[in-house]
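For reference, the structure discussed in these notes is given below.
Values in this document were obtained by computation on a predicted structure and should not be read as measured data. The basis for the numbers below is simple: all heavy atoms, side chains too, and nothing from hydrogens, waters or symmetry mates. Every chain is numbered from 1 and lettered A, B, ... according to where its sequence line falls, protein lines coming before strand lines.
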Amino acid sequence: MDRSADINYCRNIINVIVIMKYNPKEIENKWQKYWQEHNSYKTETVSDRPKMYILDMFPYPSGEGIHVGHLKGFVATDVYSRYKRLKGFNVLHPMGWDAFGLPAENYAIKHGVHPEISTAKNIANIKRQLMSVGLSYDWDREINTTDPEYYKWTQWLFLKFFEKGLAYKKMLPINWCPSCKTGLANEEVVDGKCERCGTPTTKKDVEQWVLKITDYAEELLDGLEDIDWPSKIKEMQKNWIGKSEGHEINFIISDKKVPVFTTRLDTLFGCTYLVLAPEHPLISELNIENKEEIEEYINKAKNKSDRERISEVKDKTGVELKGIKAINPINNKEVPVFIADYVLSHYGTGAIMAVPAHDERDYDFAKKYNLEIIEVIKTKGSSTEDGILINSSDFDGLKSEEAREKIGEIINAIKKVNYKLRDWVFSRQRYWGEPIPIINCEKCGAVPETNLPLTLPKVEKYEPTGTGESPLAGITEWVSVKCPKCGGRAKRETNTMPQWAGSCWYYFRYLDNKNEKAFIDKEIEKKWLPVDLYVGGAEHAVLHLLYARFWHKFLYNSGIISTPEPFKKLRNIGLVLAFDGQKMSKSKGNVVNPDAVIDEYGADTLRIYEMFMGPFSQAIQWNDQGIKGVYRFLNKLWNILSEPNEESSPEVKVYVDKLIKKVEEDLEKMKFNTPIAFFMEFVDFVSDKKLGKKEVEKLLVVFSIFAPHFCEEIWGKETSIMEEEWPKINEDLIKDETVDIMIQVDGKLRDKVEFSVNSSKEEIIKEVKERENVKKWILGKEIKDVVFVPKRLINIVLCAE
RNA sequence: GCCGAAGUGGCGGAACUGGCAGACGCGUAGCACUCAAAAUGCUAUGAGAGUAAUCUCGUGAGGGUUCAAUUCCCUCCUUCGGCACCA
């Protein structure tokens, strides 16, 4: 080290001694301890104040801890919670752990550490991280989905579904991940690949527990009307449920009725062939000439993966059933019959009437196999739109909509609604999940295990078997039980629940997390639900958010709870991208760890940067320089607020009240970036003015929602700043007496003049006309009109030459 | 292909209900402090013209409505997210 560095070092020390500098390291630990010791974040279940339930999507306790992206949402809800507390609400702001799932189990397989142990370790680490940011969670209400006292109720709720016949066992061709060696729900297959590991999924026939979410399709759709959610998420759920209204009609094949679903009954005269799904049960009953060819096709179709099917969208395959014809009910015309895997067995009736002239898929197929194409609708735009009927005998000239009605009447078509939504495959062949509390008895069938919790037994090997059985199947002493009903030999269900089970109802449990008699007390539920604000990532749109609504609606319909929807208002967090504009991920090595940021700048700087970087529902790149800017701002603000004058100058008083009002307005709109900008402007404004004690106190209370440690330290009173109230502002004081009026000539800004707010149009025009900047534009021209917007502008409109 | 969201300086972004485009921050440049650097402070910073006052252009592209458009309407382009043979 050279001499100059020494001098510099000495100077810095002198600085610290002379002025009390902002030193986050010193103050943050102190206050975190204080808040914890004083139970500052505790929420009373019963209170006179109005309730406000502000909820984060709880994290999965991964080994890497949380990164700054997770924190963005947590900080936003924390700021909002602190704001609402100061505003007099009884705020519930809890946190917990969604801890069942594959990573912990995979870790166990690799290292032989029980998931319970690794999970506990990870939770401790993340909890430490959350506390180091000064997040105001009521930790007395902490929950953990892997705690038997918690999953006892997950199991109990499953049995409710079972009692009502909404949980049933079925042999199904399900999505199977060959790498995770487990079945998956539809929602967990993204782009033909496993949502967890990215391996292409295959089809496998496995006996599965299924939850009948399809019974709730209509309600799940309707409920969207009444909730304040981003339209994007609503739209995704709508599309996922995929309601379509149409008719079911019968074609006749070999004297047998073959029902077909269509939304375009108006195109019935254009039907030139019929297509059955390869799995259609009728096929085996027919006397087909080319039986072998058909069987070969069916086998091939069966073994296709989702990816293969997707890649074949533009190149459809199929085989004609030779010697078979179908009769069209409207005109008794005979049309050929095909099987093709572009027709899905699980949707509608598994059979379609093909109208190649007005359906793209049928068109592709007809072109390929040289089938007849008959145009029956005259359309203005694309051939698949509604229009006017032609080539349709008596129905010619009718509009599509009328034709659907009329044709429907004549052939006795049944009106029918179909949904894309399919039942929820609910069992997983893995270890680290809630055991399904069912005993399979040879005599009595599936019998509920009522002695809950049914705890997850310890096993030696976590490895999935790959046979379609879970690792639990290997523990004979656990599996073999007596049937609770007949006492005979029976076996436990060895499948576990999917990772989404625990999160379907966790928002109830925070409210009453120690209740041993019920999953929630009825009165508490009535008082506290729905959740007022729910914040999390958009990736859960058709997973957690759909599943949770389903469970909630089921409980509501069963009379167990009193609210029809769980989450009144939902907002999505925008991703925090790495410096390179890419998603943060461990493998790319571009993850920003909050621990490092706090170590360098402190928690308050991190909090404010997370909020200041941009609108919180937007994806934004992390920028190290930006944090420095926030740190600079906090240093300036620290110096300004820590040495106040006795009394503020009058313009400062007004400014502060205006500032508070603007901050409040933006917070109500969930805007967190602009309030911070207002404070930055204030720093600049006040630098050459007098700021008094009273205003400092107001500012500290308001700013404490963003920088709690910082404000608590300057506050320096006996009681915590958290116990204060949001400052009242003097509306009379902040009313402007004068305003700047924009002066436009022909819509172009030419001048700006200060007037009293009450100035009339005439007064303003008179004065403005005399101003040089205006005169030169209107000189010698005729004024056609003057537009006056009070308190804003006047626009002098001239006659065009 | 279908559905949804979004395009504003060198960068992140701001702009109420159609009414000053570019707040605030970053970066950059200059200056001050310093032997020097860092830190800090001050000034400037959309493009072009002009010594200046000021003017012209400017919110993805083109058109429209309006006294007035980043904001409303139409067409198109680009990016991102979702769905993907759902009859």
Would you classify [X] as touching base, sugar-phosphate or nothing, given that sugar-phosphate means primed atoms plus P, OP1 and OP2, and contacts are heavy atoms under 4.0 Å?
X	answer
A:Asn239	sugar-phosphate
A:Val343	base
A:Met742	base
A:Lys791	nothing
A:Pro615	sugar-phosphate
A:Asp191	nothing
A:Gly242	nothing
A:Leu793	base

Between [X] and [N], is there a contact of a side-chain N or O with OP1 or OP2 at under 4.0 Å?
X	N	result
A:Lys420	B:rC2	no
A:Lys671	B:rA15	yes
A:Gln625	B:rG27	yes
A:Tyr342	B:rA87	no

Considering only [options], which nucleotide approaches the side chain of [X] most closely?
X	options	result
A:Val789	B:rC85, B:rA23, B:rG19	B:rG19
A:Leu749	B:rC3, B:rG13, B:rC20	B:rC20
A:Val190	B:rC85, B:rC83, B:rC67	B:rC83

Thinking salt bridges, do [X] and [Y] make one under a 4.0 Å N-O criterion?
X	Y	result
A:Asp228	A:Arg571	yes
A:Lys661	A:Glu731	yes
A:Glu279	A:Lys302	no

Checking understanding here: a glycosidic angle within 90° of 0 is syn, the rest anti, so what is B:rG58?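 Anti for B:rG58; the angle lies over 90° from 0.
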
Find the partner of [N]: check Watson-Crick (N1-N3 plus N6-O4 or O6-N4) and G-U wobble (N1-O2, O6-N3) distances, both under 3.5 Å, and reply none if neither fits.
N	answer
B:rG9	none
B:rG18	none
B:rA32	B:rU40
B:rG50	none
B:rU65	none
B:rU45	B:rG27
B:rU59	none

Donor-acceptor pair, distance only, cut-off 3.5 Å: does the side chain of A:Arg404 make one with the backbone of A:Leu265?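 No, the answer is negative, given that no donor and acceptor are paired below the 3.5 Å cut-off.
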
Crowded around A:Lys583 NZ? As in, over 12 foreign heavy atoms under 6.0 Å?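 No.
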
Any chance the rings of A:Phe710 and A:Tyr22 have centres within less than 6.0 Å?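 Ring centroids of A:Phe710 and A:Tyr22 are less than 6.0 Å from each other.
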
When the P atoms of B:rC16 and B:rG10 are considered, how many whole Å apart are they?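 Roughly 23 Å separates the two P atoms.
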
Between A:Glu218 and A:Tyr419, does any side-chain donor sit less than 3.5 Å from a side-chain acceptor?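 Yes, a side-chain donor-acceptor pair sits under 3.5 Å.
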
Regarding A:Thr317 and A:Tyr297, do their side chains bring together a donor and an acceptor under 3.5 Å, going by distance alone?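 Short answer, yes.
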
For nucleotides 45-54 of chain B, give me every protein contact, N/O to N/O, under 3.5 Å, one pair per line with atom names.
none

Would the base of B:rG13 count as contacting A:Gln618 through its side chain, where contact means a donor and an acceptor less than 3.5 Å apart?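 For A:Gln618, whose side chain was compared with the base of B:rG13, there is no donor-acceptor pair (under 3.5 Å).
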
